[in-house]
Each structure stands twice: as C-alpha cells, then as structure tokens.
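Small disclaimer: the values here were computed from a predicted structure and weren't measured.
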Amino acid sequence: TYLKFEVLYLSNNSHIRIVPSLEIENKKVKGGHSATIKKIDSSHLFYLESRLLSETTAKDFLIKSFIEN
C-alpha cells in the first residue's frame with residue numbers, strides 16, 4: 001500500500017501541511033507515503049508566454065496540466 005500527495009505551490013503566502021493517513025488492518029502489508037511539492041516553473045511560464053499566451057492563460061494551462069497528471 002502506498003499513499004502519494006502532489007501539491008502545487010501557487011503563492012508565497014500559501015501554507016502546506018500534509019498529514020498522511022494509512023489504515024492497514026493486515027500485519028503482512030507494508031505501507032509508505034511520499035509528498036511532492038512544486039512551484040510553477042518560471043522557464044515553463046516563459047516558454048508559454050513567448051508563444052503569445054498571456055501570463056494568466058499560461059498559469060492556467062500549467063495548473064491544469066499538473067492536476068491532470
């Protein structure tokens with residue numbers, strides 16, 4: 001059993017607290033957890049804006065692609 005958290009950090013004022021919770025009622029099962037915390041990559045944002053996307057549209061695209069992954 002494995003528990004994974006992925007968090008997109010959208011502002012410097014954001015607070016992230018990840019509290020993993022695994023309930024395993026079998027002594028033969030091992031469990032683990034991990035967390036991935038990311039900011040919007042400025043190079044990705046620059047690339048999209050250089051393709052004539054507005055900053056808002058570029059950020060929306062990056063956020064949606066993070067969620068869909």
Side-chain angles (χ1 to χ4, degrees):
T1 302
Y2 187 78
L3 180 63
K4 181 179 177 182
F5 291 95
E6 292 185 344
V7 178
L8 184 59
Y9 195 69
L10 296 176
S11 108
N12 290 333
N13 298 325
S14 297
H15 298 282
I16 299 169
R17 183 175 51 181
I18 298 172
V19 182
S21 176
L22 291 171
E23 285 189 37
I24 301 172
E25 296 186 18
N26 185 329
K27 294 179 183 180
K28 295 180 182 179
V29 175
K30 293 183 180 182
H33 64 87
S34 72
T36 302
I37 300 172
K38 298 179 183 179
K39 285 188 173 184
I40 291 179
D41 189 322
S42 60
S43 65
H44 294 161
L45 192 57
F46 176 78
Y47 175 81
L48 293 171
E49 289 178 311
S50 72
R51 299 302 185 259
L52 303 179
L53 291 177
S54 69
E55 181 180 356
T56 302
T57 303
K59 283 183 179 179
D60 287 347
F61 177 82
L62 293 171
I63 292 167
K64 287 176 185 174
S65 66
F66 177 83
I67 293 169
E68 290 176 3
N69 241 348

- Provide the closest heavy-atom pair for Ile40 versus Leu10 in the form atom of the first, atom of the second, distance. CD1-CD2, 4.1 Å
- Item | Atom of Thr57, atom of Ser54 and distance for their closest heavy-atom approach | OG1-OG, 2.9 Å
- Item | Interatomic spacing from CZ in Phe61 to CG in Leu53 - rounded to 0.5 Å | 8.0 Å
- Message: If I compare all heavy atoms of Lys59 with all of Leu45, which pair ends up nearest, and what's the gap?
- Response: CG-CD1, 3.8 Å
- Query: Distance from Lys64 atom NZ to Leu8 atom CG, nearest 0.5 Å?
  - Reply: 13.5 Å
- Query: For Tyr47, does the OH atom sit with more than 12 other heavy atoms under 6.0 Å from it, leaving out its own atoms?
  - Reply: no
- Considering all heavy atoms, the nearest Lys38-Phe66 contact: CD-CE1, 4.0 Å
- Message: Taking OH in Tyr9 as the centre, count heavy atoms belonging to other residues, nucleotides or ligands within less than 6.0 Å. Is the count above 12?
- Response: yes
- Considering all heavy atoms, the nearest Ala58-Glu49 contact: CB-CG, 4.3 Å
